[in-house]
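Here is the structure we will look at.
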Amino acid sequence: MNRLLLALCFVLLLTGCSGDWGWYVVDPTTPKGRINLKFLLGGLYYTIALSVTAIVISIIVGLLVALPALSSNRWLNGFNRVYVELVRAIPILVMILWVYYGMPQLLNVTITVFWAGVIALALSDSAFEAEIFRAGIQSIDKGQYEASHTIALGYFDTMRFIILPQAIRRILPALGNQLVYMLKMSSLVSVIGMQELTRKANELVVTEYRPLEIYTILLLEYLVLILIVSAGVRWLERRLAQ
Amino acid sequence: MSQIQPTHDSAVVTMQGVSKFFGTFQALKTVSIDISVGERVVVCGPSGSGKSTLIRCINQLEKHDDGIITINGVTLDGSKKSLQSIHDHVGMVFQQFNLFPHLSVLDNLTLGPIRSRNMSRANANELAMQYLERVRIPEQAQKFPTQLSGGQQQRVAIARSLCMEPDIMLFDEPTSALDPEMINEVLDVMVELAESGMTMVCVTHEMGFARKVADTMVFMDHGEIVEKTDKETFFVSPESERCQEFLEQILPH
Ligand SMILES: Nc1ncnc2c1ncn2[C@@H]1O[C@H](COP(=O)(O)OP(=O)(O)OP(=O)(O)O)[C@@H](O)[C@H]1O
Ligand SMILES: [Mg+2]
């Protein structure tokens, strides 16, 4: 994987040497290039902050939406189904626009770009998290609940100490996937002016007019970020597997 | 609800006219039985006769649809109080052990005492080690369930239940999932438990074990208690034909 990445950089660098276009805009050996690179990387903080905040909220909401699906109560089940089906049906970009421009008017509140992004991303993702949690929890053997009953644990202790620790181990790869997905989807929040990686790149393209070079850097930024996250998730999986 | 006489004081469990339906299928047909303090009941019968359902009703893993079950005088009606009574008094050991695979043996044993008995970790550890010694595997305390043999796992499961210090222990075919060479190590622990005076209801086809410890033999068929006698009568001259046939099938000739 790493070698592939290097080869890709190399090829792009070579192409940059020819003709009247080049990599000077992001050449770290020139002061101008360094300023531009710094500008581009300046979006990293918001991309990460946005994605991580959103995934944490979305996991919590997802779990809360998943639990009712496991009860035998029809209304609780119904709530889960309606939530999942509705939220899942809304395109993320539409969700972002609605939360930023629509919701404040509806609720008569003001909202920052950052929190609009977080809410929109978290909402969109929560439906998927709910499904992941439901599948994970349902995969746990009925005998675990029964054994938990025989040692006098109530519902919340059973979930906290018996069911969720096992379920989370099983769904960790899926949760990792969602985090990667979230990092990518955070680029959409650029449309409402969030100063994350994509927005930064867009702004630099407007002033420098070097889309190939700048967007290539952007692409590499996401690639590296996500490779690191994937490695982290795999490390966690190995650790939890004992 | 019909008028029901209070049963004798020493009864830990009473079941009166208990029925259980799965959909339209009736798994228990107005079953009545009393289990008194220190009594060892062995339940046998063909597959599907309702043995598991019977003992699972005692700790309400299955909710009965009709009749009355009491534990230490508390009627099981789904209330908080009745749930508490089950939690305080009834232990259970399963055919498939049902240990918590993500917890060490020690944590399997201490979780209940710590969380539901508010015991300190130190005390819980001490209690757990005491019971692990009783089932003769104290050296496995730090291992995880999957690192143990089936017989060892079942002994851990027994110890886990004992850590809750129940008044009555339910066993649902505790040796059926074990390789033959491991059956005795589990039965030995159960015999010792019986000798210590524990009230026990065991669903098992281990007739050697039954002969050794049973005070009362129960034979079930088609959701009914067909025969309920002391073990001498049971093995020598069972009344019902169904029971005779069953014994002929499972006892070595
Ligand atoms: N959850 C359930 N849903 C539907 N039917 C059930 C359920 N549990 C048990 N039954 C049915 O009730 C009957 C009694 O089951 P039970 O498990 O009590 O039998 P058993 O005597 O323990 O048999 P075995 O020796 O096979 O364990 C069986 O016919 C079984 O199919
Ligand atoms: Mg059974």
Side-chain angles (χ1 to χ4, degrees), chain A residues 59 62-63 66-68 70-77 129 132-176 233-242, chain B residues 52 55-56 58-63 80 83-104 107-119 124 128 143-147 153 156-166 168-172 177:
Chain A
I59 282 177
L63 178 59
L67 291 179
L70 305 160
S71 98
S72 48
N73 181 305
R74 280 179 52 217
W75 291 101
L76 291 176
N77 273 315
E129 301 287 351
I132 291 170
F133 270 107
R134 184 173 62 84
I137 294 172
Q138 278 173 346
S139 77
I140 305 296
D141 185 63
K142 193 165 130 268
Q144 295 289 303
Y145 293 90
E146 298 185 346
S148 181
H149 174 72
T150 67
I151 58 164
L153 298 189
Y155 176 78
F156 287 103
D157 276 359
T158 301
M159 281 296 160
R160 179 170 159 207
F161 294 105
I162 310 292
I163 306 301
L164 286 178
Q166 295 182 63
I168 286 172
R169 253 162 252 221
R170 290 188 194 180
I171 64 177
L172 208 58
L175 292 182
V233 171
R234 269 200 305 279
W235 173 82
L236 198 63
E237 266 174 57
R238 271 199 309 276
R239 242 197 62 157
L240 284 179
Q242 285 145 25
Chain B
S52 296
I55 68 166
R56 287 162 62 85
I58 295 177
N59 67 355
Q60 296 284 284
L61 284 178
E62 303 292 355
K63 313 251 177 308
K80 254 213 164 97
L83 189 65
Q84 192 58 46
S85 169
I86 294 167
H87 283 166
D88 287 347
H89 304 299
V90 189
M92 184 163 187
V93 173
F94 302 89
Q95 185 175 353
Q96 302 295 341
F97 328 136
N98 295 345
L99 293 176
F100 308 126
H102 63 299
L103 299 178
S104 70
D107 288 341
N108 264 273
L109 269 61
T110 55
L111 183 59
I114 291 175
R115 293 302 302 178
S116 37
R117 300 279 191 262
N118 290 320
M119 203 179 270
K143 289 203 183 159
F144 283 82
T146 48
Q147 297 170 304
Q153 289 190 50
V156 170
I158 293 172
R160 176 177 68 184
S161 249
L162 291 176
C163 278
M164 300 299 290
E165 316 214 288
I168 178 169
M169 286 280 284
L170 311 173
F171 292 84
D172 192 357

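Just so you know, these numbers come straight off a predicted model, no measurement behind them. Letters go in sequence order (proteins before strands), and every chain restarts at 1. What you see below is based on every heavy atom in this structure, not just the backbone, and it leaves out hydrogens, waters and symmetry mates.
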Next on the checklist: For residues 93-102 of chain B, which residue pairs pass the salt bridge (Lys or Arg N to Asp or Glu O under 4.0 Å) check, not counting sequence neighbours?
Outcome noted: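 As it turns out, there is no salt bridge (Lys or Arg N to Asp or Glu O under 4.0 Å) pair with a partner in residues 93-102 of chain B once direct neighbours are skipped.
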Checklist entry - What part of B:Leu99 lies closer than 4.5 angstrom to a heavy atom of chain A: side chain, backbone, both or neither? => result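 For B:Leu99, backbone heavy atoms alone lie under 4.5 Å from chain A.
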Checklist entry - Is it the side chain or the backbone of B:Phe100 that comes within 4.5 Å of chain A heavy atoms, both, or neither? => result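 B:Phe100 touches chain A through backbone and side-chain heavy atoms alike.
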Checklist entry - When rounded to the nearest 0.5 angstrom, what distance separates CD in A:Glu146 from CD in B:Glu62? => result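 Result: 7.5 Å between the selected atoms.
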Item to check | Rounded distance (nearest 0.5 Å) linking atom NE2 of A:His149 with atom CD1 of B:Ile86 | outcome: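 One gets 5.0 Å once the value is rounded to the nearest 0.5 Å.
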Using residues 112-119 of chain B as the side-chain source, report each donor-acceptor pair under 3.5 Å to any protein atom, sequence neighbours left out, with the distance given to one decimal.
{"residue": "B:Arg115", "atom": "NE", "partner": "A:Asp157", "partner atom": "OD2", "Å": "3.1"}
{"residue": "B:Arg115", "atom": "NH2", "partner": "A:Asp157", "partner atom": "OD1", "Å": "3.1"}
{"residue": "B:Ser116", "atom": "OG", "partner": "A:Ile151", "partner atom": "O", "Å": "2.9"}
{"residue": "B:Ser116", "atom": "OG", "partner": "B:Gly112", "partner atom": "O", "Å": "2.7"}
{"residue": "B:Arg117", "atom": "NH2", "partner": "B:His87", "partner atom": "O", "Å": "3.0"}
{"residue": "B:Arg117", "atom": "NH2", "partner": "B:Met164", "partner atom": "O", "Å": "3.1"}

Next on the checklist: A side-chain contact here means heavy atoms from C-beta on lying under 4.5 Å apart; do A:Lys142 and B:Asn98 qualify?
Outcome noted: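 No, every pair of side-chain atoms sits at 4.5 Å or beyond.
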Checklist entry - Sub-3.5 Å donor-acceptor pair from the side chain of B:His102 to the main-chain atoms of A:Leu240, do we have one? => result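 Such a contact is absent between B:His102 side chain and A:Leu240 backbone.
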